[in-house]
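Worksheet for the structure shown next.
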Amino acid sequence: MSKLERFKLFLRNSRRILTPERFALASVWVQLIAIFITSAVIIIVFSPFVGDLPLTYKIFADPSYYSDTQGPVPIAAGLILVLLGLVLFSFIISVLSAALIKLIDNIKSGSLKYKGSGHTVFINYNIKLPLILDQFNLRAKEKGTIENVVLLFSSNKIVSDFRSILDKERWENLDIFLRQGNPLTFQTYERLSITNALGIVVLLPDTGDDTFTADNFNLKILTTLTNNHAFFQHLSERQGSKHPVKCSIELSNSQDSRDIALELTSHGAGALFAVITPGDVIGSILARAKVDVVYYKAFFEVLSFDGSTIHFVDPKRFSGKGDFGGILFEQLLFSFEGGTLLGFSGVNSEGGFEMSLCPFGKNAKSTDWLLFLTKNIKELKFRPIDSKPVLVKNEAIIPPREAASKRICVIGNAWPLGNIDDFMDVTSLASLEESHFVFQEPTEYFMPAFLNSLHEVNYDNIIINLDDEQGFRLTMLLVSKNRNDKNFMTKIVTILGDPVTEQLLNTNVLKSNTVLSHKLAARYIAQISFQKNLDRLFTELAFAEGAEFNLLEVGKNIPADLLGDLNELKKMLAAHKMIYIGTVDKDKNVYLESTTFSDTQQILVLSFGEIFF
């Protein structure tokens with residue numbers, strides 16, 4: 001295009017801006033430039049009539065200088081100039097006011113661009129999001145940093161509703177930015193600086209019980225992201241450089257949805273997105289919690305960023321300590337301080353992820369990473385022992401059976417029993433069928449005769465499996481009638497979904513025996529958001545196959561007199577291919593990596609198993 005053509009195009013666009021419609025729709029900068037150009041033209045045009053260019057500007061900008069004009073023509077021209085100046089300066093004020101109002105509206109509605117980097121993007125809202133942010137805040141607090149979090153919602157209403165609960169004191173280590181946009185267009189993600197993000201978490205949107213529609217919506221979001229070739233290439237390059245963007249997507253338990261998501265994000269031997277189906281893992285944990293609430297509490301602690309958590313640790317962290325390849329697991333197990341070694345992880349010959357938990361009798365490979373349970377990864381210390389430790393079995397230690405023998409009472413059917421049959425023996429399952437009470441009328445759960453019958457049978461656990469409102473009422477009623485019966489109180493386990501109801505019961509009533517599925521799922525999602533291979537680890541731990549948490553009853557599975565020296569106890573357990581995890585007191589409180597045994601009723605261990613992917 002020639003200079004003349006470019007000049008003609010500029011004039012044509014300039015004329016368009018001067019039309020009322022174009023001027024109203026132009027950006028604030030274009031409007032201000034148009035006003036200033038018009039003002040300059042007016043000042044220059046009127047200066048011959050006023051007689052002086054500086055005086056003309058002064059009259060235009062400040063009407064008080066109109067008194068300096070002399071003669072009929074300057075007086076007349078100056079009067080017109082004053083009026084035009086008032087009009088144009090009013091335009092400037094109007095334009096700036098409108099721009100400020102629009103800016104405030106954009107901030108409130110979440111329409112602004114996000115221009116930062118190193119942030120985590122959450123897409124969609126569900127009840128677990130505030131609980132996930134709690135975990136992100138704990139992690140940031142532990143690191144001593146302020147982390148940026150961008151929340152993308154599909155409607156202004158969700159933005160305004162979340163803004164009403166946004167609590168800076170609750171999330172003091174998070175800088176939260178609310179944004180609104182269409183999640184099905186990639187332009188929305190460009191406004192969020194998606195290529196500069198450290199992580200992306202696509203949550204399953206709240207659609208009631210319609211998980212099919214929710215899954216479809218998330219799969220469309222995933223398709224929108226992966227269909228952009230430049231962005232897919234960006235994720236692939238980051239994955240190849242061993243600094244992947246931590247991407248995860250939450251779906252329901254539908255295997256079809258999971259398969260589609262993995263196929264859309266497949267890259268080499270792995271996937272660019274971790275597919276989170278917390279219903280599988282969380283459902284299995286809840287099923288086992290019905291057998292013994294300790295299992296819920298163990299996972300609840302392990303999944304939190306506050307306390308002992310599981311980490312994949314690069315052996316290079318222990319620089320100068322030599323190559324761990326070829327060293328026996330038992331020798332490594334007793335060579336570290338500040339954490340508990342759980343196993344190895346690495347890549348097999350096909351390039352797939354491989355994980356071994358409790359690999360007793362096996363040697364580490366030089367390429368393996370180490371799996372640790374630790375309160376602080378920075379406190380891990382390598383203290384090598386010269387030879388393989390001598391592990392002698394103590395015949396007084398009786399390993400627990402995978403299937404527990406317990407008499408369980410379940411009241412209601414709001415939450416499915418799941419795979420509870422994997423954790424109970426045949427006799428206990430037959431008893432459960434007789435002790436699963438489901439009434440047609442809700443009032444029957446509160447009848448005195450039914451409540452009294454709960455004392456007639458010596459149940460090990462009484463599971464309140466009703467909806468939140470009925471569960472809250474029944475729990476309050478049982479507690480008010482049995483507050484002084486501590487033995488009976490420890491048997492009550494209430495399964496809830498609403499965090500507020502759980503907090504009320506947990507704080508003022510039961511103090512411990514509440515199971516909140518959403519909070520557990522939130523912690524699970526938060527963990528996967530930072531270490532996506534953890535989904536395979538927790539899947540292994542949650543189900544009955546392979547390695548899993550187990551409980552040794554003091555006085556039944558292990559004599560009380562063996563609970564003395566911690567190192568000796570660890571060696572005795574290792575001889576039975578069990579790893580010491582922590583203790584449980586009489587109130588069923590879990591203490592991971594506990595070093596003392598006062599009031600200990602159970603020992604939590606990780607039992608032998610292995611899994612490959």
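Computed from a predicted structure; not experimentally measured.
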>> Check whether Phe336 forms a cation-pi arrangement with Arg383 (NZ or CZ under 6.0 Å from the six-membered ring centre, at most 45° off the ring normal).
In response: no
> If you round to the nearest 0.5 Å, how far is CG of Asn461 from OG of Ser435?
Replying inline: 12.0 Å
>> Which label fits Phe530 and Phe136: parallel for a plane angle under 30°, tilted from 30 to 60°, or perpendicular past 60°?
In response: tilted
> CZ/Phe543 to OG/Ser284 distance, rounded to the nearest 0.5 angstrom?
Replying inline: 4.5 Å
> Looking just at side-chain N and O atoms, do Lys481 and Asn452 make a donor-acceptor pair shorter than 3.5 Å?
Replying inline: no
> How about Lys141: does its NZ atom have over 12 heavy atoms from other parts shown lying under 6.0 Å from it?
Replying inline: no
> Which residue pairs pass the ring-ring contact (aromatic ring centres under 6.0 Å, His included) test when at least one of the two sits in residues 546-565, sequence neighbours left out?
Replying inline: Phe299-Phe549
>> Per the salt bridge (charged side-chain N to carboxylate O under 4.0 Å, His left out) rule, what does the pair list look like for residues 557-571, sequence neighbours excluded?
In response: none
>> Less than 4.5 Å apart, side chain to side chain, heavy atoms only: is that true for Thr583 and Ile603?
In response: yes
>> For Tyr296, does the six-membered ring have the charged nitrogen or CZ of Arg288 within the cation-pi criterion, i.e. under 6.0 angstrom from the centroid and within 45° of the normal?
In response: no
> Can you check side chain to side chain donor-acceptor pair (under 3.5 Å) on Asp215 and Ser252, steps first, answer last?
Replying inline: CA-CA 7 Å; Asp215 274 356; Ser252 70; 2.5 Å; yes
> For the residue pair Ser529 and Lys246, what are the closest heavy atoms and their distance?
Replying inline: O-CB, 3.2 Å
> Do the side chains of Gln602 and Leu552 get nearer than 4.5 Å, heavy atoms only?
Replying inline: no
> Nearest heavy-atom pair of Ile528 and Asp535: which atoms, and what distance?
Replying inline: CD1-N, 3.1 Å
>> Looking at every non-hydrogen atom in both residues, tell me the closest pair between Asn465 and Trp415 and how far apart they are.
In response: ND2-O, 2.8 Å
> Of the non-hydrogen atoms in Arg523 and Ser304, which two are nearest, and what is the gap between them?
Replying inline: NH1-CB, 3.0 Å
> Would you say the side chain of Leu562 lies within less than 4.5 Å of the side chain of Ile397, judging by non-hydrogen atoms?
Replying inline: yes
> With a 4.5 Å limit on heavy-atom distance, are the side chains of Val410 and Leu432 in contact?
Replying inline: yes
>> One thing to verify: whether Lys378 and Glu142 come together as a salt bridge, which I'm taking to mean a side-chain N less than 4.0 angstrom from a carboxylate O.
In response: no
> Are the side chains of Leu380 and Phe372 in touch, meaning some heavy atoms are under 4.5 Å apart?
Replying inline: yes
> So Phe324 and Phe382, would you call those rings parallel, tilted or perpendicular, with 30° and 60° as cut-offs?
Replying inline: tilted
> Can you find a heavy atom in the side chain of Arg170 that is under 4.5 Å from one in the side chain of Asn137?
Replying inline: no
> Side chains of Leu373 and Thr309: does their closest heavy-atom pair fall under 4.5 Å?
Replying inline: no
>> Pairing donors with acceptors under 3.5 angstrom, does anything connect the side chains of Ser607 and Asn550?
In response: yes
> According to the interplanar angle, ranging from 0 to 90°, do the rings of Tyr125 and Phe162 count as parallel (below 30°), tilted (30 to 60°) or perpendicular (above 60°)?
Replying inline: perpendicular
>> Ignoring hydrogens, what is the shortest heavy-atom contact between Asp425 and Ser405? Give both atom names and the distance.
In response: OD2-CB, 3.0 Å
>> One pair to check against side chain to side chain donor-acceptor pair (under 3.5 Å): Asn253 and Thr277. What are the steps and the verdict?
In response: CA-CA 6 Å; Asn253 296 338; Thr277 52; 4.9 Å; no
> Taking atom types as modelled, is there a side-chain donor on Thr514 or Thr494 under 3.5 Å from an acceptor on the other?
Replying inline: no
> Which ring-ring contact (aromatic ring centres under 6.0 Å, His included) pairs, counting each pair once, include a residue from residues 457-502, with sequence neighbours left out?
Replying inline: His455-Phe488
> Does the side chain of Leu133 reach to within under 4.5 Å of the side chain of Phe122, using non-hydrogen atoms?
Replying inline: yes
> Between the main-chain N or O of Glu250 and the side-chain N or O of Asn218, is there a donor-acceptor pair closer than 3.5 Å?
Replying inline: yes
> What do you reckon, are the aromatic ring centroids of Phe450 and Phe439 less than 6.0 Å apart?
Replying inline: yes
>> Show the nearest heavy-atom pair for residues Asp292 and Lys588, with the distance to one decimal.
In response: OD1-NZ, 3.7 Å
>> Between Lys362 and Glu330, does the salt bridge (charged side-chain N to carboxylate O under 4.0 Å, His left out) criterion hold? Intermediate values first, please.
In response: CA-CA 8 Å; Lys362 296 190 176 182; Glu330 288 90 322; over 6 Å; no
> Just wondering, more than 12 heavy atoms not from Glu553 lying within 6.0 Å of its CD?
Replying inline: yes
>> Using 0.5 Å steps for rounding, measure from the CG atom of Leu566 to the OG atom of Ser594.
In response: 8.0 Å
